[in-house]
Trainee: 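Pasting a structure here, questions to come.
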Amino acid sequence: MAILQRKDLASGDPRAVARAWRLAGDEARRGARLEVAAERYRKGLEIFPDDVALLTGLAQLELANNRPASARETVEKVLAIAADDVSAMLVAAEVDLAQNQLEAAGKRLEDVRARKPDHPLSQARLAQLSGRLLEISEDYDGALDLYREAVK
């Protein structure tokens with residue numbers, strides 16, 4: 001937030017300013033301050049409208065606000081820009097699960113798995129969403145195994 005309060009912010013690198021808005025929005029979203037997060041994401045998108053991370057965060061926010069149709073529209077925009085972005089693919093799978101599109105969610109999760117994400121948070125999220133898919137499909141033992149994997 002200190003960066004975003006600088007007097008020379010308008011003359012800064014737009015990518016850096018957009019990233020600062022995204023980080024501030026992510027922090028607000030994690031703190032359940034959803035309206036604040038939405039405002040911060042939108043300010044970042046005013047500067048850099050096709051920023052993949054900002055759009056992905058906005059899609060997650062829309063899901064948190066129980067607006068899966070809007071989240072789908074946003075995440076599809078992200079995937080049109082960066083089809084191989086693991087974070088966007090995971091959000092898309094989460095949207096599929098929210099809309100009870102289990103086959104689509106399973107395919108997306110397989111696509112992510114095939115990319116072998118190396119970031120621990122992506123791996124945990126993949127395991128968590130895969131567990132959720134199994135839980136919805138009433139494979140409780142398999143879901144529990146994946147939830148344990150996500151915790152590790």
Side-chain angles (χ1 to χ4, degrees), residues 1-133 135-136 146-147 149-151:
M1 290 306 298
I3 291 171
L4 295 171
Q5 294 171 358
R6 289 179 54 131
K7 292 178 183 176
D8 62 347
L9 183 69
S11 64
D13 181 342
R15 293 170 298 183
V17 175
R19 183 169 190 247
W21 281 117
R22 178 187 50 87
L23 293 171
D26 288 348
E27 191 60 34
R29 181 175 43 83
R30 283 191 295 271
R33 296 176 298 142
L34 303 182
E35 288 181 30
V36 172
E39 177 185 337
R40 291 174 181 174
Y41 287 139
R42 287 194 174 83
K43 284 183 179 182
L45 288 168
E46 287 173 8
I47 297 165
F48 207 100
D50 289 335
D51 185 278
V52 169
L54 271 166
L55 288 166
T56 301
L58 183 60
Q60 289 176 300
L61 177 67
E62 290 165 341
L63 262 178
N65 277 326
N66 199 27
R67 295 193 318 249
S70 183
R72 176 168 304 287
E73 183 179 313
T74 302
V75 80
E76 292 298 333
K77 181 177 180 180
V78 175
L79 291 172
I81 297 167
D84 292 338
D85 186 86
V86 169
S87 293
M89 293 169 71
L90 289 168
V91 172
E94 191 171 2
V95 170
D96 290 335
L97 288 170
Q99 293 184 319
N100 207 31
Q101 296 179 1
L102 305 185
E103 189 174 320
K107 179 166 178 1
R108 286 190 204 266
L109 293 171
E110 284 303 316
D111 289 346
V112 172
R113 197 169 285 107
R115 284 176 174 58
K116 300 181 187 204
D118 57 357
H119 194 282
L121 290 177
S122 295
Q123 293 169 349
R125 193 125 183 267
L126 174 60
Q128 185 261 332
L129 291 172
S130 297
R132 191 162 146 207
L133 176 62
E135 183 179 358
I136 292 169
L146 286 167
Y147 288 146
E149 181 182 324
V151 170

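Every heavy atom of this structure was used, including side-chain atoms; hydrogens, water molecules and symmetry mates were not. As the structure is a computational prediction, the values presented were derived from the model and not from experiment.
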Trainee: Which pairs with one or both residues in residues 44-53 pass side-chain hydrogen bond (donor to acceptor under 3.5 Å, both in side chains), sequence neighbours excluded?
Mentor: none
Trainee: Are Glu94 and Leu90 side-chain neighbours, meaning at least one heavy-atom pair lies under 4.5 Å?
Mentor: no
Trainee: Are Arg113 and Ser130 close enough that some pair of their side-chain heavy atoms sits under 4.5 Å apart?
Mentor: yes
Trainee: What closest approach, in Å, do Asn65 and Leu34 show between heavy atoms, and which atom pair accounts for it?
Mentor: OD1-CD1, 3.1 Å
Trainee: Restricting to pairs with a member in residues 78-93, which pass salt bridge (charged side-chain N to carboxylate O under 4.0 Å, His left out), not counting sequence neighbours?
Mentor: Asp84-Arg115
Trainee: Distance from Met89 atom CE to Arg125 atom CZ, nearest 0.5 Å?
Mentor: 12.5 Å
Trainee: Taking all heavy atoms of Pro117 and all of Ser122, pick out the closest pair and write down the distance.
Mentor: CB-CB, 3.9 Å
Trainee: Show the nearest heavy-atom pair for residues Leu54 and Gly44, with the distance to one decimal.
Mentor: CD1-C, 3.4 Å
Trainee: Are side-chain heavy atoms of Leu97 and Leu102 found at a separation under 4.5 Å?
Mentor: yes
Trainee: Can you name the nearest heavy-atom pair linking Val36 to Ala28, along with the distance?
Mentor: CG1-CB, 3.9 Å
Trainee: List for me each residue that meets side chain to side chain contact (heavy atoms under 4.5 Å, CB included) alongside Leu121, sequence neighbours excluded, and say none if there are none.
Mentor: His119
Trainee: With a 4.5 Å heavy-atom cut-off, do Asp26 and Tyr41 have their side chains touching?
Mentor: yes
Trainee: Hey, can you pull the donor-acceptor pairs under 3.5 Å for the side chains in residues 73-81, sequence neighbours left out?
Mentor:
residue: Thr74; atom: OG1; partner: Glu62; partner atom: OE1; Å: 2.8
residue: Thr74; atom: OG1; partner: Glu62; partner atom: OE2; Å: 3.3
residue: Thr74; atom: OG1; partner: Ser70; partner atom: O; Å: 3.1
residue: Glu76; atom: OE2; partner: Arg108; partner atom: NH2; Å: 3.1

Trainee: What residues, two or more places apart in sequence or in another chain, satisfy side-chain hydrogen bond (donor to acceptor under 3.5 Å, both in side chains) together with Asp13?
Mentor: Arg15
Trainee: Does any non-hydrogen side-chain atom of Leu126 lie less than 4.5 Å from one of Val86?
Mentor: no
Trainee: Between Arg22 (side chain) and Ala53 (backbone), is there a donor-acceptor pair under 3.5 Å?
Mentor: no
Trainee: Can you see which heavy atom on Pro49 is nearest to which on Leu55, and at what distance?
Mentor: O-CD1, 3.8 Å
Trainee: Starting at CG of Leu133, measure out to CD of Gln128 and round the result to the nearest 0.5 Å.
Mentor: 11.0 Å
Trainee: Run the side-chain hydrogen bond (donor to acceptor under 3.5 Å, both in side chains) test against Arg33 and tell me which residues pass, sequence neighbours left out.
Mentor: none
Trainee: With a 4.0 Å cut-off, would you call Glu27 and Arg30 a salt bridge?
Mentor: yes
Trainee: Taking all heavy atoms of Gln60 and all of Val91, pick out the closest pair and write down the distance.
Mentor: CG-CG2, 3.5 Å
Trainee: State plainly whether the residues Lys107 and Glu103 are in salt-bridge range, i.e. N to O under 4.0 Å.
Mentor: no
Trainee: How far does CZ of Arg40 sit from CG of Leu58, to the nearest 0.5 angstrom?
Mentor: 14.5 Å
Trainee: Can you tell if the side chain of Arg42 reaches within under 4.5 Å of the side chain of Trp21, non-hydrogen atoms only?
Mentor: no
Trainee: Does CZ belonging to Arg67 count more than 12 external heavy atoms closer than 6.0 Å?
Mentor: yes
